[in-house]
Amino acid sequence: MFFNSLLTNFAALEVGQHLYWQIGNIRLHGQVFLTSWILLGALLVFISLGTKKMENDPKGLQNLLEFLWDYIRDLARTQIGEKVYRDWMPFIGTLFLFVFVSNWGGALIPWRLIKLPSGELGAPTADINTTIALALLVSLSYFYAGLSNKGWRYFEYYVHPTPIMLPFKILEDFTKPLSLSFRLFGNILADELVVGVLVFLVPLILPIPVMFLGLFTSAIQALIFATLAAYYIGEAVEEHH
Amino acid sequence: MLAFNFFGATEGGLFDINATLPLMAIQVVALTYILNSLFFKPVGNVVEKREKFVSNNIIEAKNKLSEVKKLEADLLTQLQSARSEAQRIVSEAENESDKLYKEALELANNEANASKEKARLEIENQTSAARDQLSKQADDLSELIVNRLILKK
């Protein structure tokens with residue numbers, strides 16, 4: 001009886017429901033694009049406000065943006081290395097900002113107040129399509145980074161300490177995007193579900209610590225995603241001796 | 001009843017992968033280019049310009065500091081040599097004045113001695129001359145007395 005009612009309650013959370021957009025033959029998850037456009041729009045507005053009047057003595061928003069820039073540069077430089085980190089810094093930074101803004105936007109903005117005909121708005125990173133897209137971009141990037149930096153010598157990496165490593169390294173090329181996408185997707189979706197269930201069961205006070213935990217997880221996931229992406233690229237461009 | 005519908009649904013489900021994936025990928029790539037021109041490039045320019053400015057200033061300050069230290073050391077050696085030179089001059093002058101003083105003292109002593117001796121000789125001469133005269137007068141007087149006595153007889 002209890003189990004049954006719990007399931008109905010879960011059902012009220014509308015897990016796995018989507019707002020479908022049909023364009024010709026293709027179908028899209030409309031709620032993912034709606035939230036991502038709102039959040040990225042806010043991000044772009046924030047950034048253009050901060051970079052509108054750049055001064056040598058930074059003030060206000062420029063300070064924050066410079067701190068962010070410095071943070072991303074440190075991340076890229078430590079993982080990728082002094083030589084090529086400049087080429088990849090915008091990509092790593094975009095991943096970080098996109099994931100961070102999506103996670104926090106999903107957690108902080110009360111999307112549920114906006115009613116959709118089907119599905120509900122939430123963090124774009126709680127949709128498997130988004131995280132797989134990001135993870136595949138990372139895979140493409142590290143292949144491109146390795147091949148453009150070392151040419152065919154990139155494949156030495158697969159037999160690097162010994163040729164015995166070859167099957168494992170090939171397997172890694174599949175597990176890397178898989179783990180990247182599922183880690184992010186799972187964490188963010190789980191956070192949304194936990195908060196949703198708690199809000200549904202106990203609407204007062206109790207969900208607040210879980211919400212804070214969710215914010216923490218969201219920030220950590222953004223950092224992990226960007227760091228791992230940078231690490232994979234760094235691994236691909238690293239020179240073995 | 002079971003509304004989860006995780007897998008296998010033709011419509012919906014958590015793992016419903018469709019055209020959202022490539023479109024999102026394109027969107028992220030576009031965002032990378034937009035953020036690069038809007039955020040990473042301008043902020044990077046400003047930050048790196050400032051870092052260069054600061055490091056240049058630090059290098060310049062370091063150069064100036066080492067120059068100052070060199071000049072200071074130079075000055076110190078100059079000061080030391082000047083001091084020892086001054087000391088040498090002072091001691092030389094002291095020696096010279098000492099010598100001059102001694103010479104003058106000796107000269108004056110000699111002169112004084114000479115004039116003392118001369119005076120003594122003169123006194124002696126005059127004394128003996130006076131004594132001669134006195135004894136001559138005494139002789140004359142005695143002769144006169146003798147003559148008078150002899151003539152009275």
Side-chain angles (χ1 to χ4, degrees), chain A residues 4 7-8 10-18 20-21 23 25-30 32-33 36-37 40 43-44 47-48 50-51 54-58 62 65-66 68-70 72-73 86 89-91 93-95 97-98 118-119 124 127-134 136-137 140 185 189, chain B residues 1-69 71:
Chain A
N4 244 358
L7 278 183
T8 348
F10 265 127
L13 290 173
E14 297 189 345
V15 176
Q17 302 285 305
H18 302 291
Y20 280 101
W21 286 347
I23 302 167
N25 238 350
I26 59 172
R27 287 159 77 75
L28 301 173
H29 290 168
V32 177
F33 284 107
S36 72
W37 289 340
L40 295 184
L43 174 71
L44 289 179
I47 279 174
S48 13
T51 53
M54 301 284 275
E55 287 168 55
N56 217 6
D57 299 330
Q62 196 194 333
L65 287 182
E66 282 187 10
L68 200 61
W69 188 89
D70 209 41
I72 290 165
R73 179 179 65 168
R86 264 161 210 287
M89 204 188 126
F91 180 61
T94 305
L95 284 179
L97 287 175
F98 180 82
S118 162
D127 190 288
I128 190 80
N129 291 287
T130 312
T131 60
I132 290 181
L134 293 173
L136 287 181
L137 283 179
L140 288 179
F185 166 67
L189 184 74
Chain B
M1 192 69 233
L2 194 71
F4 267 137
N5 206 3
F6 266 52
F7 299 98
T10 47
E11 176 105 336
L14 278 177
F15 296 96
D16 178 33
I17 293 169
N18 57 15
T20 311
L21 196 159
L23 269 179
M24 191 52 94
I26 292 167
Q27 185 171 300
V28 171
V29 171
L31 182 71
T32 304
Y33 283 101
I34 294 171
L35 281 184
N36 189 32
S37 61
L38 220 64
F39 174 46
F40 292 105
K41 260 187 195 155
V43 174
N45 283 342
V46 169
V47 171
E48 276 169 357
K49 210 177 83 187
R50 184 182 316 123
E51 276 172 358
K52 204 178 242 173
F53 174 74
V54 168
S55 73
N56 278 351
N57 273 9
I58 287 175
I59 289 171
E60 205 175 308
K62 270 185 186 157
N63 285 345
K64 275 184 182 164
L65 193 70
S66 70
E67 204 173 313
V68 163
K69 275 191 178 147
L71 284 177

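Atom set for the values below is all heavy atoms of this structure, side chains included, hydrogens, waters and symmetry mates excluded. Labels below follow one simple rule: chain letters A, B, ... track the order of the sequence lines, proteins then strands, and each chain is numbered from 1. The structure displayed is predicted, hence computed values, not measured ones.
For the pair B/Ala25 and A/Ala133, the tightest heavy-atom approach, listed with the atom from each and the gap, is N-CB, 3.8 Å. Across A/Arg86 and B/Glu48, no two heavy atoms sit closer than the pair NH1-OE2, 2.8 Å. When all heavy atoms are compared, the tightest approach of B/Val46 to A/Glu55 is CG1-O, 3.7 Å.
Contact count against chain A (heavy-atom pairs under 4.5 Å) is highest for B/Leu31 among B/Val29, B/Ile34, B/Leu31. Residue with the most contacts toward chain B among A/Asp127, A/Ile132, A/Ile23, A/Leu43: A/Ile132 (heavy-atom pairs, distance under 4.5 Å). In terms of non-hydrogen atom pairs under 4.5 Å with chain B, the most contact-rich of A/Phe185, A/Trp37, A/Phe33, A/Phe91 is A/Phe33. Per-residue heavy-atom pair counts under 4.5 Å with chain B were compared for A/Thr94, A/Leu97, A/Thr130, A/Leu28, and the maximum is reached by A/Thr94. Chain B forms more heavy-atom pairs under 4.5 Å with one residue of A/Thr51, A/Leu65, A/Leu134 than with any other, namely A/Leu65.
Within 6.0 Å of the CG atom in B/Asn63, the count of heavy atoms belonging to other residues, nucleotides or ligands exceeds 12.
Summarising the geometry, atom OH belonging to A/Tyr20 is positioned 8.0 Å from atom OG1 belonging to B/Thr20; distances are rounded to the nearest 0.5 Å. Atom CG of residue B/Leu14 and atom CD of residue A/Gln17 lie 10.0 Å apart, to the nearest 0.5 angstrom.
In this structure, the side chains of A/Ile128 and B/Ile17 come closer than 4.5 Å at one or more pairs of heavy atoms. B/Gln27 has its side chain within reach of A/Leu40: a pair of non-hydrogen atoms, C-beta onward, lies under 4.5 Å apart.
Chain A is approached within less than 4.5 Å, heavy atom to heavy atom, by B/Leu35, B/Asn36, B/Leu38, B/Phe39, B/Phe40, B/Pro42, B/Val43, B/Gly44 from residues 35-44 of chain B, ordered by number.
Between the side chain of A/Asn129 and the main chain of B/Asp16, a donor-acceptor pair closer than 3.5 Å is present.
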Does the pair B/Leu21 and A/Leu136 meet the rule for a side chain to side chain contact (heavy atoms under 4.5 Å, CB included), with working shown?
-> CA-CA 10 Å; B/Leu21 196 159; A/Leu136 287 181; 4.2 Å; yes
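For chain B, no part of A/Leu140 is nearby; none of its heavy atoms comes within less than 4.5 Å. For A/Ile72, the part lying under 4.5 angstrom from a heavy atom of chain B is the side chain only. With a 4.5 angstrom heavy-atom cutoff, B/Ile26 does not touch chain A via any of its atoms.
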